[in-house]
Amino acid sequence: MASKTQFSETESRFLRFVPTEPTPVNYEPGAKIWTVQGRRTGESLGEINWYKPWKRYVFCPGAMTEFDANCLRDIADRCERETAKFKHS
């Protein structure tokens, strides 16, 4: 079984996680939002935000974006890690 990806606070091997200011539409007190960008291009690929009905962070991909298993794993690991931090804060 593969081990979880190790993150810096803002990057994985191919992705960058950029803190983003919440808007009144998606604001949840204490929750954070990240724009997911390609490290090489800086292009926005989607957003990680708190989804209150599921009580967890989710990834909302941008239109016409494609991801391989490694990038999806990095994003899923980030969502799980941040969900655990938020629930224990």
J.: How many angstroms lie between SG in Cys71 and CD in Glu66, if you round to the nearest 0.5 Å?
T.: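 If we round to the nearest 0.5 Å, Cys71:SG and Glu66:CD are 11.5 Å apart.
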J.: With rounding to the nearest 0.5 angstrom, report the OG1 to CZ distance, Thr35 to Phe17.
T.: 11.0 Å
J.: Does a salt bridge link Glu11 with Arg39, judged by any charged N lying under 4.0 Å from a carboxylate O?
T.: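 Looking at Glu11 and Arg39, the cut-off is met.
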J.: Rounded to the nearest 0.5 Å, how far does CG of Leu72 lie from CG of Leu15?
T.: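 So the gap between those two atoms works out to 9.0 Å.
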J.: Locate the shortest heavy-atom distance separating Phe59 from Leu45; write the atom from each residue and the value.
T.: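 Taking Phe59 first and Leu45 second, the nearest heavy atoms are CZ-O, 3.8 Å.
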J.: Would you say Ile48 ends up clustered with Phe86 if hydrophobic residues are merged whenever their side chains have heavy atoms under 4.5 Å apart, either directly or through other cluster members?
T.: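 Yes, because Phe86 and Ile48 connect within a single hydrophobic cluster, where side-chain heavy atoms sit under 4.5 Å apart.
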J.: Please determine which of Tyr51, Tyr57, Trp50 meets the ring pair (Phe, Tyr, Trp, His ring centres under 6.0 Å) test together with Trp54.
T.: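 Result: among Tyr51, Tyr57, Trp50, Tyr51 is the only option passing the ring pair (Phe, Tyr, Trp, His ring centres under 6.0 Å) with Trp54.
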J.: May I ask you to check whether over 12 heavy atoms, not counting those of Lys55, lie within 6.0 Å of atom NZ?
T.: no
J.: List the atom of Arg13, the atom of Asp74, and the distance in Å for their closest heavy-atom pair.
T.: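 Closest pair (atom of Arg13, atom of Asp74, distance): N-OD2, 4.2 Å.
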J.: Write down the atom of Val18, the atom of Thr20, and the distance for their closest heavy-atom approach.
T.: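 That closest heavy-atom pairing would be O-OG1, 3.1 Å.
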J.: Could you state the interatomic distance from CD (Glu82) to CZ (Arg56), rounded to the nearest 0.5 Å?
T.: 14.0 Å
J.: Is the shortest heavy-atom distance from the side chain of Arg78 to the side chain of Ile75 under 4.5 Å?
T.: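 Not in contact.
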